[in-house]
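Taking it in order: structure first as structure tokens, then the write-up.
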Amino acid sequence: MSQIQNKKAQLEAEAANYEDKIGESIADIKQVAKEKGTQILVAGAVVAGAYLLYSLFSGSDKSEKKSEKKESSFLANALMSYAVGIALSLAKDQIVDYLRKLEEESVKK
């Protein structure tokens, strides 16, 4: 009877060991997925924001047909150009940072 109890205790210890290893692996995978997801979300949000700013300031053909054609002032055009330039610059910076982080992680591995 003691031999069966010893074998049972050994198997339970091995099962607990494997359970701990699996738990650690899952925690690592969750952490990596969270980091990658956050980076992708930030880059996507910046690109989407830049596109929305561009589409907001550039206007569309439909709105021009419906409304009277107005001539934009030089100041409005300049401000629009600067706003789009800043938004695109921010998007570029976010994408470059994301790519740099990916490169650093690949070098570590």
Side-chain angles (χ1 to χ4, degrees):
M1 192 72 162
S2 66
Q3 189 177 19
I4 294 173
Q5 288 176 349
N6 288 338
K7 184 68 172 174
K8 181 180 177 182
Q10 180 186 6
L11 290 174
E12 286 177 351
E14 288 179 17
N17 188 20
Y18 286 126
E19 186 178 355
D20 291 341
K21 287 181 181 180
I22 291 171
E24 290 173 4
S25 296
I26 290 173
D28 291 342
I29 291 170
K30 283 182 182 179
Q31 181 65 27
V32 169
K34 184 177 179 182
E35 290 173 2
K36 300 288 185 191
T38 302
Q39 292 171 350
I40 291 170
L41 181 64
V42 167
V46 169
V47 170
Y51 176 74
L52 288 174
L53 279 175
Y54 172 76
S55 65
L56 177 71
F57 287 121
S58 67
S60 65
D61 294 334
K62 294 178 184 177
S63 65
E64 289 178 4
K65 290 179 182 177
K66 290 180 181 178
S67 64
E68 297 177 13
K69 292 187 177 182
K70 298 178 183 178
E71 291 187 26
S72 299
S73 68
F74 173 75
L75 182 59
N77 286 337
L79 289 175
M80 183 185 338
S81 298
Y82 282 123
V84 170
I86 290 171
L88 291 175
S89 175
L90 289 173
K92 177 199 65 115
D93 292 342
Q94 288 293 324
I95 292 171
V96 167
D97 288 341
Y98 175 71
L99 293 174
R100 186 177 303 123
K101 288 179 183 177
L102 284 178
E103 183 179 350
E104 289 173 359
E105 289 176 3
S106 67
V107 168
K108 289 179 182 177
K109 293 179 181 180

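As the structure is a computational prediction, the values presented were derived from the model and not from experiment. Worth knowing before you read on, the calculation uses all heavy atoms, side chains too, and leaves out hydrogens, waters and symmetry mates.
Residues in residues 35-51 take part in these salt bridge (charged side-chain N to carboxylate O under 4.0 Å, His left out) pairs, two or more places apart or across chains: Lys36-Glu105. Applying the salt bridge (charged side-chain N to carboxylate O under 4.0 Å, His left out) definition to pairs two or more places apart or across chains, those involving residues 76-98 are Asp97-Arg100.
In this structure, Val96 is not a member of the same hydrophobic cluster as Leu90, with clusters built from ILVMFWY side-chain heavy atoms closer than 4.5 Å.
Remark: side-chain polar atoms of Ser89 are not paired, donor with acceptor, to backbone N or O of Gly85 under 3.5 angstrom. Asn17 contributes no side-chain N or O that, together with a main-chain N or O of Ala13, makes up a donor-acceptor pair within less than 3.5 Å.
Heavy-atom neighbours of Glu14 CD from other residues, nucleotides or ligands within 6.0 Å: above the threshold of 12.
Applying the side-chain contact (heavy atoms from CB on, under 4.5 Å) test to Lys7 and every residue at least two apart in sequence or in another chain returns Gln10, Leu11. For Ile26, the side-chain contact (heavy atoms from CB on, under 4.5 Å) test picks out Ile22, Lys30, with sequence neighbours left out.
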